[in-house]
Amino acid sequence: MDDLRPTLLPDCPPLAPTFFERDTLTVARELLGCRLLRFQPELGRWLGCVIVETEAYTANDPACHAYNRKTGRAAMLYEHPGTAYVYLIYGMYDCLNVVTEPQGTAGAVLFRALEPPEGLGLRTNGPGRLTKALKITRQAYNGLPLTAVESGLYLSAGMQVADHQVVQTTRIGITKAADYPWRFYVKDNPWVSVKAK
DNA sequence: TCAATGATTGAG
DNA sequence: TCAATCATTGAG
């Protein structure tokens, strides 16, 4: 009776790879208000969260894993736009990114906070928390397309966020290029991890 | 404030 | 080889 296969929600088609095949800062800004959809196998249904905080990382950015170099884990940043890049930070937390720019050019947007549906008790304010809450692991999701429903995790367009509701400020937790204003979040949204000072 | 915890990186 | 670093979090 129960069909556990991921099924497409009619009003939530995935964003196309071309959405991500653009300037990383533009993608980071436009992802605010978009939805991250996660299939929950144990419940047989989809869970949708609104993206409220992002950060941009590019090839010529000292804070980027692929800065001036293409080796190891950072190779994923050169993959097809729309690909998931999940890495382990501080030995205990996975962080979710989506690859941007054309294939061959490094770039990614880090998801720092999501607004979850009410009443589920999900903690999605913080890059380590949101992956834990949605059970997104490096082993399962690194390299999967976030543009395909079959991944069980994909991105979809949502509400447009007006410019006056967007705060652009400096990124969190880095020491290199800490002055770059490459972090975007939705103004006054309670799920944002850290407010600008 | 500060320790936990492990992959990645760069120096030797 | 091996020590320092790190896009964080939760406990005290």
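Chain naming here is simple, since letters A, B, ... match the order of the sequence lines and numbering starts at 1 in each. Quick caveat, the model's predicted, so the values are computed rather than measured.
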With a non-hydrogen cut-off below 4.0 angstrom, is [X] in contact with a base, only sugar-phosphate, or nothing?
X	value
R171(A)	nothing
K176(A)	sugar-phosphate
R138(A)	sugar-phosphate

If we check ring pair (Phe, Tyr, Trp, His ring centres under 6.0 Å) with Y154(A), which of these qualifies: F20(A), F39(A), W46(A)?
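Among the candidates, only W46(A) passes.
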
Interface limits on DNA chain C, where chain A has a heavy atom under 4.0 Å of a nucleotide atom:
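Contacts span dC6(C) to dG10(C), reading 5' to 3'.
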
Pairs touching residues 24-34 of chain A that satisfy salt bridge (charged side-chain N to carboxylate O under 4.0 Å, His left out), sequence neighbours left out
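As it turns out, the salt bridge (charged side-chain N to carboxylate O under 4.0 Å, His left out) pairs with a partner in residues 24-34 of chain A, which skip direct neighbours, are R22(A)-E30(A), R29(A)-D163(A).
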
Pairs meeting criterion salt bridge (charged side-chain N to carboxylate O under 4.0 Å, His left out) with involvement of residues 89-108 of chain A, two or more places apart
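Counting only pairs at least two positions apart or across chains, no salt bridge (charged side-chain N to carboxylate O under 4.0 Å, His left out) contact touches residues 89-108 of chain A.
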
Give the dot-bracket line for DNA chain C from 5' end to 3' end: parentheses for intra-strand Watson-Crick or G-U pairs under 3.5 Å, square brackets for crossings, | for inter-strand pairing, dots for unpaired.
||||||.||||.

Consider only side-chain heavy atoms of I, L, V, M, F, W and Y, link residues closer than 4.5 Å, and tell whether V161(A) and F184(A) are in one cluster.
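Hydrophobic grouping puts V161(A) with F184(A).
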
Write down the distance separating the P atoms in dT5(B) and dC2(C), rounded off to the nearest Å.
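Comparing P positions in dT5(B) and dC2(C) gives a spacing of 22 Å.
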
Partners passing ring-ring contact (aromatic ring centres under 6.0 Å, His included) against Y141(A) (at least two apart in sequence or in another chain)
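Once residues adjacent in sequence are excluded, Y141(A) has no partner under the ring-ring contact (aromatic ring centres under 6.0 Å, His included) criterion.
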
5' priority, DNA chain C, between S193(A) and G91(A) [closest heavy atom]:
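Looking at DNA chain C, the more 5' nearest nucleotide goes with G91(A).
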
With nearest nucleotides of DNA chain C determined for T175(A) and L130(A) from heavy-atom distances, which residue corresponds to the more 5′ nucleotide?
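First, find each residue's nearest nucleotide; the 5'-ward one identifies T175(A).
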
DNA chain B: R73(A) or Y90(A), which has the more 5' nearest nucleotide?
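Comparing both residues, the 5'-ward one is Y90(A).
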
Taking the six-membered ring for Trp, is the centroid-to-centroid distance between H65(A) and Y87(A) below 6.0 Å?
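Yes, close enough.
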
What pairs with S193(A) under side-chain hydrogen bond (donor to acceptor under 3.5 Å, both in side chains), at least two apart in sequence or on another chain?
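S193(A): side-chain hydrogen bond (donor to acceptor under 3.5 Å, both in side chains) contacts with E53(A), R112(A).
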
Between V192(A) and A113(A), which heavy-atom pair has the shortest distance, and what is it?
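For V192(A) and A113(A), the tightest heavy-atom pair comes out as CA-CB, 4.2 Å.
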
